[in-house]
Asks: 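Mind having a look at this structure? Questions to follow.
Every heavy atom of this structure was used, including side-chain atoms; hydrogens, water molecules and symmetry mates were not. Order of the sequence lines fixes the chain letters, A, B, ..., with proteins taken first and strands second; residue numbering starts at 1 for each chain.
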Number of protein chains: 2
Amino acid sequence: MARAATTSDAFNAIAEPRRRDILTYLAIRERQVGEIVTAVGIDQPSVSKHLGVLRRVGLVHVRRNGRHRLYRTNAEAIRPLHEWTASFEPYWQHALLRVKQRAEAKMKSKSESDRNTYKEKP
Amino acid sequence: MARAATTSDAFNAIAEPRRRDILTYLAIRERQVGEIVTAVGIDQPSVSKHLGVLRRVGLVHVRRNGRHRLYRTNAEAIRPLHEWTASFEPYWQHALLRVKQRAEAKMKSKSESDRNTYKEKP
DNA sequence: AAATTACATTCCTATATAGGAATATGTCAA
DNA sequence: TTGACATATTCCTATATAGGAATGTAATTT
């Protein structure tokens, strides 16, 4: 079987770097396609196609205004991705915690006299 | 041009749902391939191939132990994804705020009887 | 050494791109 | 109406899968 469609879900849609650029650009406020073209630096048909993918998975909203179309990032649709990645947060060590653990490991193997000593780099 | 390789970066690697399942399973502690096969419910060659992709982008670590290979999620490699999604956090409404806004909207149009109702999935 | 166990890799195929080029559609302006 | 402008869509092609089947490889046991 081939890879899943980019329109199957947000995870597939954001795999493409240009689409991430577009989402970042459209997060602050809505923009018309021409602005996206100059901002992201790819040609108009490509931008329209990427916008189509993003729209189909709900990552952007569109609004018509005359002959322009105003796109805006739907930040809510990024929340599930954020929550998935956040589920791994307990497993990565913050720099401070790592230092502490290293210090504690050292305490076990040596004396306890300097229990409160923090060594930045051994 | 075709789509970027799944091994090009973590964003592409996690586009595949089974790989996300594997990452979640391997986050808590290291497991041998056989355990992953039974846990995730796909056949062994597929699991090995997914593990290969995850390893190439650094999302898992491997360790050999006899005839077993012990895989473990490298949570650090998920941090960049987390940070990218977090950059959109200012643009979505926090749950508490949403509840408050919904409650206020409801107060205007209806009664206050169900103000504390919370819907987990909209 | 042979058999077994645990994984990885190769081969094959249907499918879904993503970009470029060309064209179509829709809207405003003169 | 005609033309200009803004955006979407279609057509074409090279490429990268992901799954299934079969096979290869390394370590352990008998």
Asks: Can you say whether the rings of B:His82 and A:His82 are parallel (under 30°), tilted (30 to 60°) or perpendicular (over 60°)?
Replies: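 Ring orientation, 0 to 90° scale: parallel.
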Asks: Apply side-chain contact (heavy atoms from CB on, under 4.5 Å) to A:Arg19 and A:Val53, showing your working.
Replies: CA-CA 9 Å; A:Arg19 285 199 282 265; A:Val53 170; 3.8 Å; yes
Asks: Between B:Gly52 and A:Arg69, just flag the one whose closest nucleotide in DNA chain C comes earlier from the 5' side.
Replies: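 The residue mapped nearer the 5' terminus is B:Gly52.
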Asks: What's the CG-P distance between A:Asp43 and C:dA22, to the nearest Å?
Replies: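 Whole-Å distance recorded here is 12 Å.
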Asks: Respond yes when some side-chain nitrogen or oxygen of B:Arg3 is under 4.0 Å from OP1 or OP2 of D:dA14, and no when none is.
Replies: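 Indeed not, no polar side-chain atom of B:Arg3 lies that close.
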Asks: Would you kindly compare A:Leu70 and A:Lys49 by the position of their nearest DNA chain D nucleotide and give the one closer to the 5′ end?
Replies: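 Closest to the 5' end, via its nearest nucleotide, is A:Leu70.
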Asks: OP1 or OP2 of C:dC7 sitting under 4.0 Å from any side-chain N/O of B:Ser48?
Replies: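 Looking at the OP1 and OP2 atoms of C:dC7, neither is under 4.0 Å from any side-chain N or O of B:Ser48.
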Asks: Is A:Arg18 close enough to C:dG19 that one of its side-chain N or O atoms is under 4.0 Å from OP1 or OP2 there?
Replies: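 Affirmative; the distance criterion is met.
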Asks: Taking only N and O in the side chain of B:Tyr71, is any of them less than 4.0 Å away from OP1 or OP2 of C:dA6?
Replies: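 For C:dA6, OP1/OP2 do not have a side-chain N/O of B:Tyr71 under 4.0 Å.
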Asks: Give a yes/no on whether any side-chain N or O of A:Arg64 is located under 4.0 angstrom from OP1 or OP2 of C:dT27.
Replies: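 A:Arg64 to C:dT27 OP1/OP2: side-chain N or O found under 4.0 Å.
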Asks: Please report, rounded to the nearest Å, how far the C1' atom of C:dA16 is from the CZ atom of A:Arg19.
Replies: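 So the CZ-C1' distance, A:Arg19 to C:dA16, works out to 11 Å.
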Asks: Taking 4.0 Å as the cut-off, does a side-chain nitrogen or oxygen of B:His50 come that near to OP1 or OP2 on D:dG19?
Replies: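 Looking at the OP1 and OP2 atoms of D:dG19, one of them is under 4.0 Å from a side-chain N or O of B:His50.
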Asks: Rounded to whole angstrom units, what separation is found between the CZ atom of B:Arg63 and the C1' atom of C:dA6?
Replies: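 One finds 16 Å between C1' of C:dA6 and CZ of B:Arg63, rounded.
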Asks: Whether B:His68 contacts D:dA27 is assessed here as follows: a side-chain N or O lying under 4.0 Å from the phosphate OP1 or OP2. Is that the case?
Replies: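 B:His68 to D:dA27 OP1/OP2: no side-chain N or O under 4.0 Å.
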Asks: What verdict does the side-chain contact (heavy atoms from CB on, under 4.5 Å) test give for B:Thr73 and B:Glu30, after you've listed the backbone C-alpha separation in whole Å, the side-chain angles of each residue and the deciding distance to 0.1 Å?
Replies: CA-CA 8 Å; B:Thr73 295; B:Glu30 63 182 7; over 6 Å; no
Asks: Expressed as a whole number of angstroms, how long is the span from B:Arg55:CZ to C:dA8:C1'?
Replies: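 Result: 9 Å.
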Asks: Kindly indicate whether the side chain of B:Gln44 and the base of C:dA8 share any N or O donor-acceptor pair separated by less than 3.5 Å?
Replies: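 Under the 3.5 Å cut-off, the side chain and the base do form a donor-acceptor pair.
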Asks: If you check the B:Leu51 side chain, which of C:dG19, C:dA8, D:dT7 turns out closest?
Replies: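 The listed nucleotide nearest to B:Leu51's side chain is C:dA8.
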Asks: Between A:Leu23 and B:Trp84, which heavy-atom pair has the shortest distance, and what is it?
Replies: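 It is CD1-CH2, 3.9 Å.
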Asks: Checking B:Tyr71 against B:Arg63 for the side-chain contact (heavy atoms from CB on, under 4.5 Å) test, could you report, in this order, the C-alpha distance in whole Å, the side-chain angles of both residues, the deciding distance, and whether it holds?
Replies: CA-CA 7 Å; B:Tyr71 284 85; B:Arg63 181 169 78 84; over 6 Å; no
Asks: If you measure from NE2 on A:His61 to CG on A:Leu70, what distance do you get to the nearest 0.5 Å?
Replies: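 Going from NE2 on A:His61 over to CG on A:Leu70, the span is 14.0 Å.
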Asks: Roughly how many Å is it from CG in B:Asn65 to P in C:dT5, rounded to a whole number?
Replies: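 Atom CG in B:Asn65 sits about 18 Å away from atom P in C:dT5.
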Asks: What is the separation between atom CD on A:Glu35 and atom C1' on D:dC5, rounded to the nearest whole Å?
Replies: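 Result: 15 Å.
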Asks: Looking at the side chain of B:Arg67, which of C:dG19, D:dT9, D:dT29 is the nearest nucleotide?
Replies: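 Selected nucleotide: D:dT29.
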Asks: Could you check how far CD1 of B:Ile14 sits from P of D:dT17, rounded to whole Å?
Replies: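 Spelled out: CD1 on B:Ile14 to P on D:dT17 is 16 Å.
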Asks: Can you find a side chain N or O atom of B:Ser46 that sits less than 4.0 Å from OP1 or OP2 on D:dA18?
Replies: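 Checking B:Ser46 against D:dA18: no side-chain N or O falls below 4.0 Å of OP1 or OP2.
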Asks: Would you mind reading off the distance between B:Gln32 atom CD and D:dA26 atom C1', rounded to a whole angstrom?
Replies: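 The distance from CD of B:Gln32 to C1' of D:dA26 comes to 15 Å, rounded to the nearest Å.
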